[in-house]
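To start, the structure under review is shown below, and the notes come after it.
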Amino acid sequence: MAEEDSGFRVADRRKFTEDGQLRDSAKGAASGPAGPAGPSGEARGEERAGDSASSPIVGQDSREPKMDFPTLVLSLTTTAMLQMGLVPDPVSQKVEKNLPAARQTIDILEILKDKTQGNLKPDEARLLDRCLHDLKMSFVQSSQKVTL
């Protein structure tokens, strides 16, 4: 029985052989991966060869903020502000209070402060301290307000 050419092709794109040696094809892969590129040769939402240092996650958009400790602290701070009803929900645009959740998020930041003490850069430590102070003051104000 003769084999038909169905247009389907399997290509091994692994960088290493079974022995752990770097393949010759992987050495010359500086031009970028073949695959999800359109007719113009541009990748659609995929990481480009030159973006690997700025975007450690494959497929992560280079316009997204770099994930580091200050980004984590600011993300948790924003979450706590949302939970205290200080900012509207970005999806529903409603302001809702969930003070127990806000208290838990503030506690998470306290845990981060305790566990990273002595390991942070001075500007990271200042950011964490300021965010915690502001959140605690806002929490006290939010919990004292009477809703009618």
Quiz item: Does a sphere of radius 6.0 Å around CD in Gln117 hold more than 12 heavy atoms from other residues, nucleotides or ligands, not counting ones at 6.0 Å or beyond?
Solution: no
Quiz item: Got more than 12 heavy atoms from elsewhere within 6.0 Å of CD, Glu110?
Solution: yes
Quick one: does [X]'s side chain get under 4.5 Å of [Y]'s, heavy atoms only?
{"X": "Asp123", "Y": "Arg126", "result": "yes"}
{"X": "Phe69", "Y": "Leu127", "result": "no"}
{"X": "Asp129", "Y": "Lys113", "result": "yes"}

Can you give the donor-acceptor pairs under 3.5 Å from side chains of residues 73-92 to other protein atoms, not counting sequence neighbours?
residue: Thr77; atom: OG1; partner: Val73; partner atom: O; Å: 2.8
residue: Thr78; atom: OG1; partner: Leu74; partner atom: O; Å: 2.8
residue: Thr79; atom: OG1; partner: Ser75; partner atom: O; Å: 2.9
residue: Gln83; atom: OE1; partner: Ala102; partner atom: N; Å: 3.4
residue: Gln83; atom: OE1; partner: Thr105; partner atom: OG1; Å: 2.7
residue: Asp89; atom: OD1; partner: Val91; partner atom: N; Å: 2.7
residue: Asp89; atom: OD1; partner: Ser92; partner atom: N; Å: 2.9
residue: Ser92; atom: OG; partner: Lys94; partner atom: N; Å: 3.3

Working to the nearest 0.5 angstrom, can you tell me the gap between [X] [atom1] and [Y] [atom2]?
{"X": "Leu135", "Y": "Asp107", "atom1": "CG", "atom2": "CG", "answer": "11.0 Å"}
{"X": "Lys136", "Y": "Leu109", "atom1": "NZ", "atom2": "CG", "answer": "9.5 Å"}
{"X": "Met137", "Y": "Leu132", "atom1": "CE", "atom2": "CG", "answer": "11.0 Å"}

